[in-house]
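Please read the structure below before turning to the comments.
Given the structure is predicted, the values throughout are model-derived calculations rather than measurements. Residue indices begin at 1 and follow the sequence shown. We use all heavy atoms of the structure for the numbers below, so side chains are in, but hydrogens, waters and symmetry mates are not.
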Amino acid sequence: ECRNGLPPGEDGCHRYRNLGYRANTRSLNGALNLTQTYQAHGDKAQQGNHNIMMRNLRPIHREIAKCFQIGIQDYWGVMIDVEHVNEYFRNCHRRFELLIDTTRRHSPVGSTILEVGAAYGHTLLALRQLGYQVLALDLPESVDVYGKALIDSNVAIIPWDIHRGECPVTNIAQIVIASEVLEHLQVSIATAVRALLTPLSPGGILIVTTPNICRLPNVAKMLLGRNIQEPFPDQPSFRNGVVVDNRCHPREPGMQELRSAFISNGLTILEQRRFCCEEATGLRRLAYKLLPICGAHLLLVGRKNDSPIRS
């Protein structure tokens, strides 16, 4: 059975708890993947855009994979090698396309793009190739392993653990991307969004994706009386002698909760979508059409106010 109700690898955590801050992801009209959406609307031009973007992403991915020809053990003890990186790309490339497309629609070429939890760097390296200035913030423990391709490409990665202190940079980016980050954190969604605003310039754009707690497999599980929450391990996890919640996704939001976190932090919502990356066919595709709120992931885009909101 797929973990968290997502296909293997789609949440970036199935088999890969080591990804720490991130996971993976995608539709305004529901949960069809991009190819299906284009086919449903007969939009061959947009399907062509998808093909063009894939032709640009594949060479970038090949260069990233080269960095892991000799496997590297991450801080979870998991071996990160070419097979690992290839599977990650297979399950995530449509999320990368969505992030690139959203960035291009909301910010001109030449803008500074900062990604929190950049993983292997596919999105940032593609955006740099398009003419954007890019940098990343990531867990200190992740930088030397997951940031290897970015470092080799001379992309700055600044260590930051959102739980442990203020963001080390302020007001430097026109767009901040946090894709599949919030569900990993041990703070409220609103607190996490507030922290993500620190590196964002006034008037800048915040792009967030997360798993959707109301996704179709979860709804099906609840109808069958099954628990949708990620189970605890058989043995407790300790940190400094204290039991801690060490699950990958301690809390996944729904769209309303994510919207509320944006609004309470003074963001103007510009765009919202529910989306899937996996190929939906037959009854599942029909279910997604009938229940668009059940897409596997959420995308929310908001603009930071020019001046801070006073409570």
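- Counting non-hydrogen atoms of other residues, nucleotides and ligands closer than 6.0 Å to CG of L283 gives a total of 12 or fewer.
- No continuous path of hydrophobic side-chain contacts links I64 to M79 [ILVMFWY only; heavy atoms under 4.5 Å].
- Applying the salt bridge (charged side-chain N to carboxylate O under 4.0 Å, His left out) criterion to R105, with sequence neighbours excluded, gives D101, E271.
- A donor-acceptor pair under 3.5 Å is absent between the side-chain atoms of T123 and the main chain of F96, judged by distance alone.
- Remark: L270 CG to I205 CD1 distance equals 5.0 Å, nearest 0.5 Å.
- Under the side chain to side chain donor-acceptor pair (under 3.5 Å) criterion, the residue pairs touching residues 165-177 are N171-K304, with sequence neighbours excluded.
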Begin from the C-alpha positions of T209 and L99 and carry the test side-chain contact (heavy atoms from CB on, under 4.5 Å) through to its verdict. CA-CA 9 Å; T209 75; L99 293 172; 4.1 Å; yes
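- Counting all heavy atoms, side chain and backbone alike, A126 lies closest to I100 at CB-CD1, 3.5 Å.
- Put simply, the side chain of V176 reaches to within 4.5 Å of the side chain of P199, judged on heavy atoms.
- Counting heavy atoms from C-beta outward, L114 and V169 have side chains that approach closer than 4.5 Å.
- Between the CG atom of L286 and the CG atom of L291 there is a distance of 9.0 Å, given to the nearest 0.5 Å.
- Inter-residue side-chain proximity for H122 and C92 is flagged as unmet; no heavy-atom pair is nearer than 4.5 Å.
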Would you give me the side-chain donor-acceptor pairs under 3.5 Å for residues 127-135, sequence neighbours excluded?
from: R128; atom 1: NH1; to: S153; atom 2: O; distance (Å): 2.6
from: R128; atom 1: NH2; to: S153; atom 2: O; distance (Å): 3.1
from: Y132; atom 1: OH; to: S107; atom 2: O; distance (Å): 2.8

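- F232 shares a hydrophobic cluster with no other residue; no ILVMFWY side chain has heavy atoms under 4.5 Å from its own.
- Every residue two or more places apart in sequence or in another chain that forms a ring-ring contact (aromatic ring centres under 6.0 Å, His included) with F68 is listed here: Y120.
- Identified under the salt bridge (Lys or Arg N to Asp or Glu O under 4.0 Å) test for residues 253-262, with sequence neighbours left out: R251-E257.
- Residues H106 and R303 form no side-chain contact, since every pair of their non-hydrogen atoms from C-beta on lies 4.5 Å or further apart.
- For V243 against P236, the heavy-atom pair with the smallest separation is CG1-CB, 4.1 Å.
- Across all their heavy atoms, P292 and R274 have their closest contact at O-CD, 3.4 Å.
- When all heavy atoms of V85 and A65 are compared, the closest pair comes out as CG1-CA, 4.4 Å.
- Residues satisfying the side-chain hydrogen bond (donor to acceptor under 3.5 Å, both in side chains) test with E63, not counting sequence neighbours, are K66.
- The side chain to side chain donor-acceptor pair (under 3.5 Å) contacts involving residues 193-204 comprise R194-N265, where partners must be two or more places apart or lie in separate chains.
- With no hydrogens or angles considered, a side-chain donor-acceptor pair links R95 and S179 at under 3.5 Å.
- Taken to the nearest 0.5 Å, the OG1 atom of T268 stands 12.0 Å off from the CG atom of L206.
- Scanning for side-chain hydrogen bond (donor to acceptor under 3.5 Å, both in side chains) contacts around S237 gives an empty result, with sequence neighbours left out.
- Around CG of L223, the count of heavy atoms belonging to other residues, nucleotides or ligands within 6.0 Å exceeds 12.
- Judged purely by atom type and a 3.5 angstrom limit, W160 has no side-chain atom pairing as donor or acceptor with the backbone of A136.
- Within the 3.5 Å criterion, the main-chain N or O of Q186 finds a donor-acceptor partner in the side chain of H163.
- The CD atom of E252 sits 9.0 Å away from atom NE2 of H297, with the distance rounded to the nearest 0.5 Å.
- Judged by distance alone, the side chain of S264 and the main-chain N or O of A261 form a donor-acceptor pair under 3.5 Å.
- Inter-residue side-chain proximity for D144 and I72 is flagged as unmet; no heavy-atom pair is nearer than 4.5 Å.
- Nearest heavy-atom pair, V219 versus C214, reported as atom, atom and distance to 0.1 Å: CG2-O, 3.6 Å.
- From I175, atom CD1 reaches atom CD1 of I207 across 4.5 Å, with rounding to the nearest 0.5 Å.
- V82 belongs to no hydrophobic cluster, as no Ile, Leu, Val, Met, Phe, Trp or Tyr side chain comes under 4.5 Å of its own.
- At distances below 3.5 Å, not a single donor-acceptor pair connects side-chain atoms of Q73 with backbone N or O atoms of V78.
- Listed by chain and residue number, nothing satisfies the salt bridge (charged side-chain N to carboxylate O under 4.0 Å, His left out) test with D81 (two or more places apart in sequence, or in another chain).
- In this structure the side chain of I151 reaches within 4.5 angstrom of the side chain of V143, judged on heavy atoms.
- Counting heavy atoms from C-beta outward, L182 and L258 have side chains that approach closer than 4.5 Å.
- Note that the CG atom of L299 and the OG1 atom of T210 stand 9.5 Å from one another [nearest 0.5 Å].
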Check step by step if side-chain contact (heavy atoms from CB on, under 4.5 Å) holds for V208 and F262. CA-CA 10 Å; V208 167; F262 271 51; 3.8 Å; yes
For the pair M255 and L300, evaluate side-chain contact (heavy atoms from CB on, under 4.5 Å) and give the outcome as yes or no after the intermediate values. CA-CA 8 Å; M255 182 62 84; L300 201 61; 4.1 Å; yes
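- Partners of N86 according to the side-chain hydrogen bond (donor to acceptor under 3.5 Å, both in side chains) rule, which considers only residues two or more places apart in sequence or in another chain, are H61.
- In this structure, L200 and L197 have side chains that are in contact, with non-hydrogen atoms separated by less than 4.5 Å.
- Contact between N218 and I213 at its shortest, heavy atoms only, is ND2-O, 2.9 Å.
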